[in-house]
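These notes are about the structure you will find just below.
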Protein chains: 2
Amino acid sequence: MANIQQVAKQAGVSVATVSRVLNGQGTVTAKTRIKVEDAIKRLNYEPSMLGRNLRNSESRILLILIPKISNPFYSEIINGIETAALTHHYNILLCETDSNPDRENIYFDLVRKKMADGIISMDPAVNVESLIELAESYAIIQCSEYTVESGIPYVTIDNEEAAYRAVKHLIKIGHEKIALINSDEKFLYARQRQLGYRRALEENGIPISDHYIHHTQQIGFEYGQQAMRKIINLKDRPTAVFAVSDMLAIGALKEINNNGLNVPDDIAIVGFDKIDFSNMTHPTLTTVAQPMHKMGTIAAEMLISEIQGDQVESIILDHELVIRESTSG
Amino acid sequence: MANIQQVAKQAGVSVATVSRVLNGQGTVTAKTRIKVEDAIKRLNYEPSMLGRNLRNSESRILLILIPKISNPFYSEIINGIETAALTHHYNILLCETDSNPDRENIYFDLVRKKMADGIISMDPAVNVESLIELAESYAIIQCSEYTVESGIPYVTIDNEEAAYRAVKHLIKIGHEKIALINSDEKFLYARQRQLGYRRALEENGIPISDHYIHHTQQIGFEYGQQAMRKIINLKDRPTAVFAVSDMLAIGALKEINNNGLNVPDDIAIVGFDKIDFSNMTHPTLTTVAQPMHKMGTIAAEMLISEIQGDQVESIILDHELVIRESTSG
DNA sequence: CTGAAAGCGCTAACAA
DNA sequence: TTGTTAGCGCTTTCAG
């Protein structure tokens, strides 16, 4: 547990010189450098981030705000964030809010207390007012879920267009009775995806039946099941379902199977997100792929730029419709 | 961005007094306390963890080492860790090693550099020598995966017994030709679970066929599929499969379905872990439940105790066989 | 009950 | 090229 003082003494130089070789800057003679490096090795010295961080007024930590760690949608994004963070010598503090304002507040305090240098918010249920207030003093990026009016930079995809294409695909393969399993309309992405759904139907002269549109409180599996239960019992049963998340779609799939019906023969399904499991179901799920890894790396790069004082612009990334068994009937 | 100095000045007291009311200790008159609290509010002061941490030589951060964040098995454990950490005013640094030694080293350096106060290791592929060396100077807990000889405290379940019960269940419902999809034997849990499998068969007078035992390089979905492909093509096809992880089991299930066979009628399946998705497949998966949340909280409590200088004992938690559709034929 | 002052480990401005 | 020194923001010992 040596410190920089002891290394300096051991090497017969000043602490400033040690610091210089540590940070590879300033000018140091080869001979002095060797002496210092020797001393470092001999003492098994590791510079303390505690001292360095205080001196530099930074923590080199990025705070990631997600609603639920068990939602696989976030896994790949986090992976991307971590990769980018690591190359810039940042680390990530993973914070699960459970969409609980109290927890959220604890995490917000972390940046106020200089425990983190910035925030990547991915929680759709985030308290926007708090976020805006925080953004006045700290670096913040919105990832995937966002509010334009906040003025906080975001990285996301075109949800309306993505939903439009998904539903258009269903229409193209012959479906007209298409149900929508949406999440709560308080979320922007839910409103956007619903818009895309409507546009696809309208453009093709298919009337929109409100009883085909279901809203769930959350985007969990059970909620997809519940919604599908109601849809199956409809007098005029749809032949296809568009769910705004793979978790909902997988719930719907399970419910259809439980009722002895077949996907895609009786009911076709399209999901959203392309989580790992969308490829493990039977049948595999047609779904909209978001470039999650890229989204993560870009969000991290943006945040780091912002921390360094740069101005950053919001970005809208491409998406892709992945056609698989659940619509290939 | 006020600091403690400015608060002291504003309140007309010394920094020591401000520190005292901040930490709610030492003795401060009610009157002085009010003055200080007023100043804090007026200046919108938030104490900096950077200063505090340097002074206290701690980071209040727990480093969590996992191989893959997308593996849902870890989600619930992490959730448990976070809950416990939060109540003790610690935060968690999530580190995904990808079973890559270089990355692992970066993370190990983090504790050497005082960026983290301790480690919870859940990576089966961890470099045990490094871990042992690190454990001499830093607090470390092994969670789920462990090595006894390391002398590092662990929290886990009885893998041998759990596997034994899983296979015994298959035998009880009439199966004799039971295949095993195991992961690489370099992992302790793989060896333990194989032992349980063998004991169950032996106790019931069922001969062990080596061609019924398959090893996979990793515990991913595709590896389960691959293994199942070979098993299905066996001349003497098994009527049941025990997979040492749900991910493998779900891969096996998919492959069985792809071959037009039925679970559990043609082949029954038992998995391991009770990840969320084990309940979303069709049919739902019989599996061994590990108390993941509890495992996480306990690991965190143990680590925090160790950080505080206490001696901690390893713990073996209970498991439970959850019988669902994939064995209810 | 309160204040002065040292010091945690580091970086960087300034001087030599 | 190298050294001296101030100071990042906090806690805590020791005096008063």
Side-chain angles (χ1 to χ4, degrees), chain A residues 1-40 43-61 89 109-117 137, chain B residues 1-40 43-61 89 109-117 137:
Chain A
M1 282 348 94
N3 62 20
I4 200 171
Q5 299 272 8
Q6 298 168 273
V7 176
K9 188 188 234 173
Q10 170 80 234
V13 299
S14 74
V15 291
T17 302
V18 178
S19 177
R20 285 188 193 103
V21 345
L22 244 31
N23 298 291
Q25 39 145 287
T27 39
V28 184
T29 327
K31 208 170 65 182
T32 340
R33 158 167 291 111
I34 307 284
K35 275 198 299 185
V36 174
E37 282 165 351
D38 272 5
I40 289 176
L43 293 176
N44 230 305
Y45 167 72
E46 294 276 355
S48 159
M49 297 300 287
L50 262 24
R52 174 177 296 177
N53 288 349
L54 172 60
R55 171 64 219 222
N56 296 342
S57 297
E58 62 174 9
S59 63
R60 298 212 78 84
I61 285 179
H89 303 290
D109 270 346
L110 250 34
V111 5
R112 297 197 187 96
K113 289 180 181 164
K114 308 258 184 294
M115 183 101 244
D117 294 341
S137 317
Chain B
M1 281 352 89
N3 63 19
I4 200 171
Q5 299 273 7
Q6 298 167 275
V7 175
K9 188 187 235 177
Q10 170 80 233
V13 299
S14 74
V15 291
T17 302
V18 177
S19 177
R20 285 188 192 103
V21 346
L22 244 31
N23 297 291
Q25 39 144 290
T27 40
V28 184
T29 327
K31 210 168 64 181
T32 336
R33 159 168 289 110
I34 306 285
K35 276 197 299 185
V36 173
E37 283 165 351
D38 272 6
I40 289 177
L43 294 175
N44 230 304
Y45 168 71
E46 294 275 356
S48 158
M49 297 300 286
L50 261 25
R52 173 177 297 175
N53 288 348
L54 172 59
R55 172 63 219 224
N56 295 343
S57 299
E58 62 174 10
S59 63
R60 297 210 79 83
I61 286 179
H89 303 290
D109 270 346
L110 252 31
V111 6
R112 298 197 186 97
K113 290 180 181 164
K114 307 258 184 297
M115 182 101 240
D117 294 340
S137 317

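These numbers come from the heavy atoms of this one structure, side chains and all, not from hydrogens, waters or symmetry mates. Chain letters run A, B, ... following the sequence lines, proteins first and then strands; every chain starts at 1.
In this structure, NZ on A:Lys113 lies 13.0 Å from CG on B:Leu50, to the nearest 0.5 angstrom.
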Can you list, pair by pair, the side-chain donor-acceptor contacts under 3.5 Å of residues 26-39 of chain B, counting residues two or more places apart and other chains?
residue, atom, partner, partner atom, Å
B:Thr29, OG1, B:Thr32, OG1, 3.2

Can you give each donor-acceptor pair under 3.5 Å made by side-chain atoms of residues 10-17 of chain A, sequence neighbours left out, with the distance rounded to 0.1 Å?
residue, atom, partner, partner atom, Å
A:Gln10, OE1, A:Arg42, NE, 3.0
A:Gln10, OE1, A:Arg42, NH2, 3.2
A:Ser14, OG, A:Ala16, N, 3.4
A:Ser14, OG, A:Thr17, N, 3.4
A:Ser14, OG, A:Thr17, OG1, 3.4

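In this structure, the side chain to side chain donor-acceptor pair (under 3.5 Å) partners of A:Arg112, at least two apart in sequence or on a different chain, are A:Asp109. Applying the side chain to side chain donor-acceptor pair (under 3.5 Å) criterion to B:Glu58, with sequence neighbours excluded, gives B:Arg60. Taking B:Ser48 as the reference, nothing meets the side chain to side chain donor-acceptor pair (under 3.5 Å) condition, with sequence neighbours excluded. Under the rule for a side chain to side chain donor-acceptor pair (under 3.5 Å), A:Asn3 has no partner lying at least two apart in sequence or in another chain.
When the C1' atoms of four end pairs are superposed on the next four at each end of the helix from C:dC1-D:dG16 to C:dA16-D:dT1, using five pairs per end, the two resulting axes differ in direction by 40°, to 10°.
From the 5' end on, the contacts that DNA chain C makes with chain A at under 4.0 Å to a non-hydrogen atom open and close at C:dG9 to C:dA13.
Across every non-hydrogen atom of B:Val7 and B:Tyr45, the tightest pair is CG2-CG, 3.5 Å.
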Fill in the blank from the handout: Each nucleotide of nucleotides 3-10 of chain D classed B (base within 4.0 Å of a protein heavy atom), S (only sugar-phosphate) or -, in 5' to 3' order, makes BBBBBBBB
Practice task
Kindly indicate, with the supporting measurements, whether the criterion side-chain contact (heavy atoms from CB on, under 4.5 Å) is fulfilled by B:Arg52 and B:Asn23.
Solution key: CA-CA 11 Å; B:Arg52 173 177 297 175; B:Asn23 297 291; 3.8 Å; yes
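Side-chain atoms of A:Ser59 and A:Asn53 include no donor-acceptor pair closer than 3.5 Å.
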